[in-house]
Amino acid sequence: MDPIQTVHVKLMASDLLSLTVWPSNPPCFTRKGRPVSRAETVGMVVSHERKDKFLRFLVDDGSGCIPCILWLNHYCLTSHGGSADLNLMAEMTLKQSEIVKLGELVRVRGRITIYRGMLQVTVRDVVVERDPNAELLHWLDCIRLAKQCYDFLPAVTLPGSVLNPPQDGSDR
Amino acid sequence: MASSVNIKPGIPVVLQELEPSSPLFKQGASLRVTGKLQAYGVETAIAVITDGGVGLKIDTQHLRDISFRIGSIYQFIGELLIQPENDAVLQARVGRNVDGMDLNLYHQSLHLRRQFELELVNSKAN
């Protein structure tokens, strides 16, 4: 498995929103041929809509607006009596939903999903960044990681690589 | 405010770039601007921010939960309204205090980021 498939890749919104979508069930996403499933973004909250079961908000990083959804289902479940873990999870999610306010600089991590044909991030965690330089450092991280890591196929999957020689012994 | 995917991103710019000949200086352009608060009118809700000797008026009437302190650094996202004689006002949708931001780092990071975005667009075009 490609290692970047299991981590939160740091991508600018323009990069994230232009991932290639493969119509499987669930859908798969690739960037320059490499599969990605989770993303991390930093930006300003420019819109938010709170419902009973979810909080939907947009994160603007200057290159695009990423739709994010934070499900609050755990909270609904606990009202009918849930486990201690579920209660804790519900409490954490509720706290996270309360910190997302218009104009806040937030760091969001989560799964990349699709809703009505549009890419979005299903939030795993969201934090408010107090240091305004955090966003600049995130930009630099995105650039560095793209150039030094994400743009390259891992050696193990390169055809003819020394780590992945042809099985038939031929010299392709 | 209801969430809408039609909201355009505020393209980060430095105030010196906002001159009439610039392609960013367009009616309704969605921009993100950063600068030090020079003046604020409580009655008009107009703030003036400056950076590198250039100022810009910000209409803050739609902003809530933000207090203005002269000399502090603020960042706003909104749409540019160009009035007669190229008098520009940014109608802010969101804003925040960014005291502590290293403006030198901001300018350098923005430069690198633009280069990267250009490379990304070119790589997708090929």
Side-chain angles (χ1 to χ4, degrees), chain A residues 11-15 17-18 20 31-32 43-51 54-69 100-106 115-120 128-147 150-151, chain B residues 1-14 24 29-34 60 62-67 72-79 92-121 123-126:
Chain A
L11 296 177
M12 302 296 296
S14 54
D15 211 352
L17 297 172
S18 59
T20 304
R31 182 190 180 279
K32 295 193 177 183
M44 274 170 89
V45 177
V46 290
S47 159
H48 81 343
E49 178 188 20
R50 172 75 191 263
K51 300 279 188 189
F54 62 82
L55 170 71
R56 187 181 290 284
F57 58 101
L58 279 180
V59 174
D60 181 346
D61 76 353
S63 71
C65 292
I66 301 177
C68 299
I69 185 159
V100 177
K101 293 178 185 159
L102 279 182
E104 290 282 16
L105 180 70
V106 293
Y115 177 64
R116 292 185 177 167
M118 302 276 298
L119 282 174
Q120 65 174 13
V128 170
E129 286 288 355
R130 296 289 168 212
D131 180 359
N133 296 303
E135 187 177 26
L136 313 180
L137 299 174
H138 177 76
W139 294 355
L140 299 176
D141 267 348
C142 288
I143 296 169
R144 183 180 54 83
L145 285 165
K147 291 187 171 182
Y150 304 154
D151 281 359
Chain B
M1 187 191 290
S3 176
S4 166
V5 288
N6 296 324
I7 294 179
K8 287 184 190 165
I11 297 167
V13 291
V14 292
L24 297 162
S30 296
L31 302 174
R32 184 199 290 218
V33 295
T34 309
T60 65
H62 299 302
L63 304 187
R64 300 283 177 273
D65 303 327
I66 180 168
S67 57
S72 280
I73 307 172
Y74 291 87
Q75 191 165 68
F76 300 97
I77 295 179
E79 278 62 47
R93 284 187 270 123
V94 292
R96 64 186 177 116
N97 181 303
V98 290
D99 278 340
M101 176 182 273
D102 182 337
L103 288 176
N104 240 338
L105 177 66
Y106 179 70
H107 294 150
Q108 287 179 48
S109 308
L110 190 56
H111 179 67
L112 288 171
R113 182 194 148 133
R114 285 176 177 166
Q115 279 183 339
F116 174 69
E117 284 173 340
L118 197 63
E119 286 167 17
L120 203 65
V121 169
S123 74
K124 278 174 185 158
N126 295 331

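Only heavy atoms go into these numbers, but all of them, side chains included; no hydrogens, no water, no symmetry mates. Chain naming here is simple, since letters A, B, ... match the order of the sequence lines and numbering starts at 1 in each.
Ranking A/A13, A/G62, A/G43, A/A146 against chain B, the residue ahead of the rest is A/G62, based on heavy-atom pairs under 4.5 Å. Among A/C142, A/S14, A/S63, the residue making the largest number of heavy-atom pairs under 4.5 Å with chain B is A/S63. Each of A/G103, A/A134, A/S18, A/P132 has some count of heavy-atom pairs under 4.5 Å with chain B, and the biggest count is that of A/P132. In terms of heavy-atom pairs under 4.5 angstrom with chain A, the leader among B/R113, B/R32, B/Q75, B/M101 is B/R113. Looking only at heavy-atom pairs under 4.5 Å with chain A, the residue among B/D99, B/N97, B/I77, B/V121 that has the most is B/I77.
Contacts of B/Q115 with chain A are absent, with no heavy-atom separation under 4.5 Å from either backbone or side chain. Using a 4.5 Å cut-off between heavy atoms, B/Y106 touches chain A through backbone and side chain atoms alike. If you measure heavy-atom distances from A/K101 to chain B, you find no contacts under 4.5 Å at all. With a 4.5 angstrom heavy-atom cutoff, B/L110 touches chain A via backbone and side-chain atoms both. Looking at B/L105, the atoms closer than 4.5 Å to chain A (heavy atoms on both sides) sit in the backbone and in the side chain alike. Neither the backbone nor the side chain of A/Q120 has a heavy atom closer than 4.5 Å to any heavy atom of chain B.
For the atom pair CH2 (A/W139) and CZ (B/R114), the distance works out to 9.0 Å, reported to the nearest 0.5 Å. Expressed to the nearest 0.5 Å, how far CG of A/L136 lies from CG of B/N104 amounts to 11.0 Å.
With contacts defined as side-chain heavy-atom distances shorter than 4.5 Å, the pair B/L120/A/D15 qualifies. At least one side-chain heavy atom of A/L105 sits less than 4.5 Å from a side-chain heavy atom of B/R96. B/I7 has its side chain out of reach of A/D60: every pair of non-hydrogen atoms, C-beta onward, lies at least 4.5 Å apart.
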Inset, instruction - Run the numbers on B/V94 and A/V45 for side-chain contact (heavy atoms from CB on, under 4.5 Å), then give the verdict. - result: CA-CA 8 Å; B/V94 292; A/V45 177; over 6 Å; no
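Residues satisfying the side chain to side chain donor-acceptor pair (under 3.5 Å) test with A/E104, not counting sequence neighbours, are none. Residues satisfying the side-chain contact (heavy atoms from CB on, under 4.5 Å) criterion with A/T20, sequence neighbours excluded, are A/W22, A/T30.
Contact between A/N133 and B/D102 at its shortest, heavy atoms only, is OD1-N, 2.9 Å. Nearest approach of B/S123 to A/K32, heavy atoms of both residues: OG-NZ, 3.9 Å.
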